[in-house]
There are 2 protein chains.
Amino acid sequence: MAQAHGYGGLNLRTLADLVGIKAASLYHHFPSKADLATAVARRYWEDAAAGLDAIAAKVADPAERLRKFPGTFRLALENDNRMCMCSYMTAESDDLPGIVKVEIERFNEVNIAWLAKTLVETGVPTRDARKRAHAIFAAVAGAQLMARGRGDVKVYDTLIRAYQASGLIPS
Amino acid sequence: MAQAHGYGGLNLRTLADLVGIKAASLYHHFPSKADLATAVARRYWEDAAAGLDAIAAKVADPAERLRKFPGTFRLALENDNRMCMCSYMTAESDDLPGIVKVEIERFNEVNIAWLAKTLVETGVPTRDARKRAHAIFAAVAGAQLMARGRGDVKVYDTLIRAYQASGLIPS
DNA sequence: ACCTGAACACCGTTCAAGT
DNA sequence: ACCTGAACACCGTTCAAGT
């Protein structure tokens, strides 16, 4: 729900229905919608971190690992044209409770740190790696947003290939 | 309001207050919230198109025009850390009325077409220009989103410079 | 032609009351 | 410990009634 409708569109009554209880009962498990969203967002970046670690463990070549990164953002689009929950909630910044925002920023940090570390392994100077990682991350998020708007994963693939052709993402 | 809170966060009662009438009275000017948002979105891309045309009229060098493009997306951030209304509403895709979506896509088209045309003038082959334009647009939108999340325009400037350093945007 | 109050079905949230 | 119905102030929207 958060990946398709954001924080604002996350409906407690619908959510309670899916779980088989009443909306009021949710408050026995989470003190508020903000706390529920915080738990969701925390699990979200934890899962992302685990996914990136799995790539790092399986793929020896750092350049090949970088090439695999856009695949992690592709999954959401494959799944009913959804998008990164954190990109969505970043748009919602002004209306997002502070405790949720903290977890969102953690997701960004996890991704950027992983990219920077991997870039260094491919020979990018340490002092350039972080900026470059940030740029790759922002561009990938933008590509995902565009593809969602058009409702077409192929748009995403084309954009990623254009990033590679321009030299932003090593290919 | 749309640039800060999106379509879902666009509140008719607050909006009516700002104009000095009651929410019910809005329905005398627009049949529904969807129609109001459509009018807003249309004006939004019309203004964007005019702004890009103004750059084209004033700046002779196409490479210099391309360098000026990120400035158009910087304005929203300068204005109370707001973002592109169309990026926000693209995230809201699943809950966005079709008539609004049409205007959003028009905004993307206006920007991409302008970029493609300008790229061709700098010597980029016509058949590559559109993909490249799309990539620049997506990356700039992503950078704006990141900067909004951090609430810091300097993040945007750093990202744009990273795009230029990588060769995505001509510098 | 334009505005309004009152009502509708929806939200998140609270709380007293149940098991 | 966990769940519930009923209520609260809020949404978009409708409509009969006003000028």
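Just so it is clear, the structure is predicted and the values come from calculations on it, not from any experiment. Reminder, nothing fancy here: chain letters follow the sequence lines and each chain counts from 1.
Checking C:dC10 for Watson-Crick or G-U wobble geometry (two distances, each under 3.5 Å) identifies no partner in any strand. Base pairing analysis places C:dG5 opposite D:dC15; the two distances defining the Watson-Crick or G-U wobble pair are each below 3.5 Å.
Between A:Tyr27 atom OH and D:dA7 atom P there is a gap of 18 Å when expressed in whole angstrom units. Between B:Ile21 atom CD1 and C:dT4 atom C1' the separation is 11 Å, expressed in whole Å. If you take CG of A:Leu12 and P of D:dA9, they are 20 Å apart, rounded to a whole angstrom. Here C:dA17 presents its P atom at 21 Å from NZ of A:Lys22, a figure rounded to the nearest Å. The CZ-P distance, from A:Phe30 to D:dC2, rounds to 12 Å in whole Å. Atom NE2 of B:His28 and atom P of D:dT13 are 17 Å apart (whole Å). The separation between B:Lys33 atom NZ and C:dC11 atom C1' is 12 Å, rounded to whole Å. Taking atom CG of B:Leu15 as the reference point, atom P of D:dT13 lies 12 Å away to the nearest angstrom.
Contact annotation: the side chain of B:His134 never approaches that of B:Leu115 to less than 4.5 Å [non-hydrogen atoms, C-beta and beyond]. Counting only heavy atoms from C-beta outward, the side chains of A:Val102 and A:Ile99 never approach each other to under 4.5 Å. At least one side-chain heavy atom of A:Asp94 sits less than 4.5 Å from a side-chain heavy atom of B:Arg148. Proximity of A:Ile136 to A:Leu119: side-chain heavy atoms (C-beta onward) are separated by under 4.5 Å at one or more points.
Residue contacts for A:Leu10: at a heavy-atom cut-off of 4.0 Å it reaches the sugar-phosphate backbone alone, with no base atom in range.
Dashed line: the shortest gap from a side-chain N or O of A:Ser25 to OP1 or OP2 of D:dC2 is not under 4.0 Å. Close to C:dA1, at under 4.0 Å from its OP1 or OP2, lies no side-chain N or O of B:His29.
Nearer the 5' end of DNA chain C, as judged by each residue's closest nucleotide, is the contact made by A:Thr14, out of A:Ala24 and A:Thr14. Nearest-nucleotide positions on DNA chain D for A:Gly20 and A:Arg13 put A:Gly20 closer to the 5' end.
When the nucleotides C:dG12, C:dA6, D:dT4 are ranked by their closest atom to the side chain of A:Asn11, C:dG12 comes out on top.
Taking the six-membered ring where the residue is Trp, the centroids of A:Tyr163 and B:Tyr163 are separated by 6.0 Å or more.
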